[in-house]
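Single-structure report; data block below.
By convention in this document, chain letters (A, B, ...) are assigned in the order of the sequence lines, proteins followed by strands, and residues within each chain are numbered from 1. Note that this is a predicted model, so its numbers are computed, not measured.
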Amino acid sequence: MRIGLAVLRNEFLIYFKKWIHIIVNIAFFIFSTSLFSLVAGLEQELLAEWGAGVIWVVALLSMLLAMPLLFQPDREDGTLDLMLLSAVDPAWLALAKAAANWCVFGLPLVLLSPLLGASYGLEGIALLVLPATLALGTPALILLAAVAAALTAGLRRGVGLLALLVLPLALPILLFGVRATELAADGFPAGAPLMMLGAFLLAALGLLPWAAGAALRATAN
Amino acid sequence: MRLPNWLHKFASPPHFYRIAARIEPWMLWSGLAAIAVGAFGGLLLAPPDYQQGDAYRIIYFHVPAAYLAMQLYALMAIGSAIGLIWRMKLAYAIAAAAAPVGLAFTGLALATGMLWGKPMWGAYWSWGDARLTSVLVMFFLYLGYMLLHASLEERSTADRAAGILAVVGVVNLPIIKFSVEWWSSLHQGPTISRLAAPAITWDMLWPLLVMVAGSVLFSMAVTLTRARAEVLLRERSARWVRDAAEACA
Amino acid sequence: MREFLAMGGYAAFVWSCVGLSFAVFAGLMLTARRRLRSVRGRIRIRQRNAAPDEGSWELRA
Amino acid sequence: MNLVSTMLEARRLTIWRGERRLCRDLSFSLASGSLLLLQGRNGSGKTSLLRCLAGLLPLESGTVELNGIAFRRDPARYLRCLGWLGHKDGLKTELSVHRNLAFRLRLAGLAGKAGKEDELLERAGLKGLGNRAASQLSFGQRRRLALAGLIGAAPPVWLLDEPDANLDAQGREWLQRELNSHLDAGGCAVLAGHRMEWRVCGPAPQLILGIAR
């Protein structure tokens, strides 16, 4: 556990040295979202209807960009071996790395989403619900990604496979995130899907770090 | 937690290999015979449906495939879980053998489902349908399992890694199905005029049951054949493997 | 006979399903058998070739 | 630590790598204070054997015990006995030398103390480089840093994969001294590599595990 905290701290330090990645991810998020609105033809009604879906899908994709950073660099420079050979439970290791990755690549998307939502014509309570869904959904997503990234970390061109493994499993998170925002935009209570997202997050926190830890051990050869 | 003793004995790879080799042809040929009878009954003997005409006959091929897609996924996940918990190579072998068979049946279920959907709903595909979408997700999970297994060079590593994926996937599948259902029940999409299922008559039912039974037997036979190959690969250092490989030259 | 083949106007759908299904059945059967045969062959070849070359670790102190 | 106790015991190891069997029913044991050298041509499986001992690579059959504990029974205790240096240094080149060393010590469960780190750096011949980014070190200096982390963590069993790679003559001298004092203190070590002129003056004999051709 204390070793887990040390890993967490180390991760933050490394990510801040790699600040270019962070900027690239945020830029990708903003630019891709605006691409959709350009292609959709700038009709305000259509935009409001599609806003939640577009922002969620682009958030998913931009997090996908950062997922290889979870374990691939550690695998390449030999740090992963060292961490697996320390006495820390690999589940804590996976959790710490996922938490750092989320704080750096997920949290900015949550904070930016109201702005982009507003540009898509979302109003009122929906502008609060959208970041709330992202805040609940993206950590669960990154935990799923931790499992997939641990499974594919040893592969030279594992990024495509990583995406293929993550996307089907991430479907429920995406659906509920979009659903809650749409309900809120149409003036309905969005509590139920938000609670479902919360339940997913809890279940993911309870189960996926162990799966990711087992995956790290399994692919450590 | 230990496995019961009789299971250990049954699960000894040479024992499994021998037993599988013995029962496999019986399952294969009885399965094929049942499929032939079922297809004959379904295509010729069963009366046309009063609403769907002859198009409903597709279910004689669609339902067994969809059923097997699920069953084989369960087999793959259970095999993987047993392998992960008890480090049993045979379980991994069965999981790895079930995957391609399951992938084929999932693809068949999707294809026949689409061919059925066109005359019934007027569209090959409907994203609003929970079953279609979750079967598609299952297809990708099978694909992910096989690609991951194929891309990891060390077999024991591949078994464990792909096994973890299968177990995570099986936990997620009900959630996916449920969430798509919930999604489509609220979504104001194109409503599907699914024909109310009338009580199916015996004339129509028996070929379906025979088809399902035959497909199950057939898929088990194919899975056993593949599992034998996988067991041989995993037991490479055992003496009986050499004998088995030489015996059937 | 022609009536049977026409499948009440749904011939294209029904028969392509039948064809697909049997193609999958046949494909599964053939690939499974071929896999078993090729694995056996690989093991035989390895056992014939590999045995003398396989060095083994030994203590020399 | 008892000087004649068996620290590392490998029983009937069979290791496969892909389609190749690297060893069959290999058994050896290392007493406290003894050194095992793994020799063999490239591709003979030195690294694989080392990784098996560390529990990173699954064994086809056989058991490895450190101080009587198998990896599977209690991974945390097994790993606490173990120090590892692979052929990769395990350094984060983005971070400073100090950070890397501190992280390495924290992984071993030791709280980082600045004094200890400085002392280690001095011993490794990296004095005054603490605030430099690890990416600015030469490969030999990186190796020294990685070894310093291992030495600072002071685990009883060392598993080193070509520890002298990239090291200059003085570096090898230094490593030799550290190795000797480690063995004198009752530890044991397994070294894989080609240049094997390690002199050991410990009580227990030195084993050489080579591949027969």
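- With a 4.5 Å cut-off on non-hydrogen atoms, L161(A) touches chain B through its side chain but not through its backbone.
- Of the residues considered (V168(B), T157(B), V171(B), D159(B)), T157(B) shows the highest number of contacts with chain A, using heavy-atom pairs under 4.5 Å.
- Ion pairing between E230(B) and R226(B) fails under the 4.0 Å rule for side-chain N and carboxylate O.
- Atoms CZ and CG, on F200(A) and L143(A) in that order, are 14.0 Å from each other to the nearest 0.5 Å.
- For the atom pair S80(B) OG and L75(B) CG, the distance stands at 9.0 Å (nearest 0.5 Å).
- For the side chain to side chain contact (heavy atoms under 4.5 Å, CB included) criterion with I3(A), the lone passing option out of V88(A), D89(A), L8(A) is V88(A).
- E235(B) CD to K89(B) NZ: the interatomic distance, rounded to the nearest 0.5 Å, is 4.5 Å.
- Of the listed residues (L148(B), I175(B), V167(B)), the one with the most heavy-atom contacts under 4.5 Å to chain A is L148(B).
- Ranked by non-hydrogen atom pairs under 4.5 Å with chain B, the options L165(A), L175(A), L164(A), L208(A) are led by L175(A).
- Contacts between F178(B) and chain A at a heavy-atom distance below 4.5 Å involve the side chain alone, from C-beta outward.
- Proximity of a side-chain donor or acceptor of Y92(B) to a complementary backbone N or O of G163(B) within less than 3.5 Å is not detected.
- In terms of heavy-atom pairs under 4.5 Å with chain A, the best-connected choice from L143(B), L152(B), L84(B) is L152(B).
- Your options are L167(A), T219(A), L169(A), L171(A), and the one with the most heavy-atom pairs under 4.5 Å with chain B is L169(A).
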